[in-house]
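See below for the structure under consideration.
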Protein chains: 2
Amino acid sequence: MYQRKIPELLDCGLAVALKVIGGKWKSWIIDCIRRDIRRPSAIHREMDVIAPRVINLHLKELEEHGIIYKVIFADVPPRVEYRFTAVGESLLPLLAQLEDWGNANKEYINRNVEEYAPGSCQFLPEQQAAKAS
Amino acid sequence: MYQRKIPELLDCGLAVALKVIGGKWKSWIIDCIRRDIRRPSAIHREMDVIAPRVINLHLKELEEHGIIYKVIFADVPPRVEYRFTAVGESLLPLLAQLEDWGNANKEYINRNVEEYAPGSCQFLPEQQAAKAS
DNA sequence: GGGGACAGGGAAAAATTATTCCCTGTCCCC
DNA sequence: GGGGACAGGGAATAATTTTTCCCTGTCCCC
C-alpha cells in the first residue's frame with residue numbers, strides 16, 4: 001500500500017465525494033455493478049481494455065470506502081459478487097446526473113479544448129459577453 | 001504542455017464530467033468563483049495552502065474546458081476576473097449535490113477507511129446482509 | 001531607487017496513480 | 001497431465017499530476 005506524503009483535505013464534502021468517484025475507472029466500474037455485472041471476471045470482460053489488476057485495485061478502494069461490499073460464496077470454483085451498500089446506492093442518482101450533464105456538454109467541451117490556443121483568451125469584457133451568449 | 005501517451009475515453013458523459021471537475025483543487029476553485037472570489041490574487045489568498053502556480057494551471061484548464069472565462073480589464077495594474085460561462089453555471093447544482101452527499105457521508109467513509117483491514121472482507125452472504133443493514 | 005501588488009509562466013522535481021508482468025491457489029474437462 | 005476459468009496479489013515501471021523554485025513585466029507608494 002502506498003503511504004501518502006501530503007495529507008488530504010477531507011473535511012470538505014466535495015473533496016470526499018470526488019475522492020470516492022474520482023478514480024480513473026471508478027465510475028465505469030460503478031456503472032457495471034449498477035447494470036448487475038457484479039462478478040470480478042464479468043467486470044473484467046466488460047472493461048476489456050483495462051488491465052484486470054487495475055480493476056481489482058479500484059474495486060478494493062470502493063470497498064474500503066464502503067461504497068460496495070463483497071459477497072463471497074462458499075462455492076468452488078470461488079465465486080464473488082460485489083454489491084452496493086446503502087451509501088453506494090445513494091450515489092447512483094448523482095452519477096446519473098453527472099452523466100447527463102457530460103453527455104449534454106461533451107461536444108461543447110471538446111470543441112473548446114480543440115479551439116483553445118494560448119492567448120486566445122485576451123478579450124475585453126464586451127467581447128466576452130458576446131462570446132458567452 | 002504535457003502530451004498524453006495514453007488516449008482518454010471521452011465518449012462517456014461521466015468521463016467528461018469527471019475530467020472537468022476531477023482535478024485535485026478544481027472544485028475548490030469553482031467554489032471560490034461561485035462565492036464571487038473571482039480575481040486570481042483573491043483566489044490565491046483564499047486557498048493559501050495551495051501554491052499559486054497550481055491554481056493558475058487549474059484555472060487555465062477550467063478555461064480550456066469552457067467552464068469559466070477570463071475578463072481582462074484594460075486597467076493598470078492589470079486586473080482579471082474569472083466568471084462562469086453558461087455551461088459552468090449549469091455545473092453548480094451538481095456540485096452542490098455532490099457536496100451535500102459528501103457531507104452526509106464523510107464520517108461513514110472515513111470510518112470505513114480506518115476500520116478496513118485486508119482480509120476483513122471475508123464474510124458469508126448472511127453476515128454481509130447484517131453488516132449492510 | 002527599493003519594495004510590494006498585480007498577472008503569469010518555464011523547468012525540474014516530487015508525489016501520486018495507472019499499468020504491465022508474472023505468480024499463487026483450486027477445480028473441472030478433455 | 002495440460003489447459004482453462006475462477007479470485008487475487010507483489011514488484012517494478014510508466015504515465016500523469018502536483019508542487020516547488022524562480023523569473024518576466026508594469027505600476028504605485030515611500
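Worth saying up front: this structure is predicted, and the values here are computed from it rather than measured. Each chain gets a letter, A, B and so on, in the order its sequence line appears, and its residues count up from 1.
Rounded to the nearest 0.5 Å, atoms CH2 (A/Trp101) and OG (B/Ser90) are 5.5 Å apart. Here the straight-line distance linking atom CD1 of B/Ile68 with atom CD1 of B/Ile29 works out to 7.5 Å at 0.5 Å rounding.
Between the C1' atom of D/dT16 and the CG atom of B/Leu18 lies a distance of 16 Å, rounded to the nearest Å. The distance between atom OH of B/Tyr2 and atom P of C/dG10, rounded to the nearest whole Å, is 17 Å. Atom pair A/Gln3:CD and C/dA15:P shows a separation of 12 Å (rounding to whole Å applied). Between the CD1 atom of B/Ile50 and the C1' atom of D/dT18 there is a distance of 10 Å, given to the nearest Å. B/Leu9 has its CG atom 10 Å from the P atom of C/dT19, to the nearest Å. Rounded to an integer number of Å, the gap from A/Glu81 CD to D/dG8 C1' is 17 Å. With rounding to whole Å, B/Lys5 atom NZ is found 16 Å from D/dT13 atom P. When the P atom of D/dG9 is taken as reference, atom CG of A/Leu57 falls 9 Å away, rounded to whole Å.
For B/Arg53, taking side-chain heavy atoms from C-beta onward, the closest of the listed nucleotides C/dA18, C/dC21, C/dG9 is C/dG9. Considering only side-chain atoms of B/Ala51, the nucleotide from D/dT20, C/dT19, D/dG8 that sits closest is D/dT20.
In this structure B/Lys106 satisfies the salt bridge (Lys or Arg N to Asp or Glu O under 4.0 Å) test with no other residue, sequence neighbours excluded. Taking A/Asn56 as the reference, A/His44, A/Leu59 meet the side chain to side chain contact (heavy atoms under 4.5 Å, CB included) condition, with sequence neighbours excluded. Residues meeting the side chain to side chain donor-acceptor pair (under 3.5 Å) test with B/Ser41, sequence neighbours left out: none. Residues passing the salt bridge (Lys or Arg N to Asp or Glu O under 4.0 Å) test with B/Glu81 are B/Arg38, B/Arg79, B/Arg83, sequence neighbours excluded. With sequence neighbours left out, B/Glu8 forms a salt bridge (Lys or Arg N to Asp or Glu O under 4.0 Å) with B/Arg4, B/Lys19. Under the rule for a side chain to side chain contact (heavy atoms under 4.5 Å, CB included), the partners of A/Ala42 that lie at least two apart in sequence or sit in another chain are A/Ile37, A/Arg39, A/Arg45. Judged as a salt bridge (Lys or Arg N to Asp or Glu O under 4.0 Å), and not counting sequence neighbours, the contacts of B/Lys26 are B/Glu61.
Linking ILVMFWY residues whenever their side-chain heavy atoms come closer than 4.5 Å, directly or via other members, places A/Ile109 and B/Leu94 in the same cluster. Note: the hydrophobic cluster containing B/Ile6 does not contain B/Leu18 (ILVMFWY, side chain heavy atoms under 4.5 Å, direct or indirect links).
Between the side chain of B/Tyr108 and the main chain of A/Gly66, a donor-acceptor pair closer than 3.5 Å is present. A distance-only check finds no donor-acceptor pair linking the side chain of A/Ser27 to the backbone of B/Leu14 [under 3.5 Å].
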Donor-acceptor pairs are to be reported for all side-chain atoms of residues 46-55 of chain A against protein atoms at under 3.5 Å, with residues two or more places apart or in another chain.
{"from": "A/Glu46", "atom 1": "OE2", "to": "A/Arg35", "atom 2": "NH1", "distance (Å)": "3.3"}
{"from": "A/Glu46", "atom 1": "OE2", "to": "A/Arg35", "atom 2": "NH2", "distance (Å)": "3.2"}

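The stretch residues 34-45 of chain B touches DNA chain C through B/Arg39, B/Pro40, B/Ser41, B/Arg45, each having a heavy atom under 4.0 angstrom from the strand. Listed by residue number, the members of residues 19-27 of chain B with any heavy atom below 4.0 angstrom from DNA chain C form an empty set.
Contact annotation: A/Lys60 reaches the phosphate of D/dG9 (side-chain N/O to OP1 or OP2, under 4.0 Å).
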What does the B/S/- profile of nucleotides 23-30 of chain C look like, 5' to 3', with a 4.0 Å heavy-atom cutoff to protein? ----S---
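In terms of position on DNA chain D, the residue among A/Ile6 and A/Asn56 whose nearest nucleotide sits closer to the 5' end is A/Asn56.
Residue contacts for B/Val80: at a heavy-atom cut-off of 4.0 Å it reaches the sugar-phosphate backbone alone, with no base atom in range. Residue contacts for B/Arg4: at a heavy-atom cut-off of 4.0 Å it reaches the sugar-phosphate backbone alone, with no base atom in range.
A rotation axis mapping the C1' atoms of four pairs onto the next four is fitted at both ends of the helix from C/dG1-D/dC30 to C/dC30-D/dG1 over five pairs, and the angle between these axes is 20° to 10 degrees.
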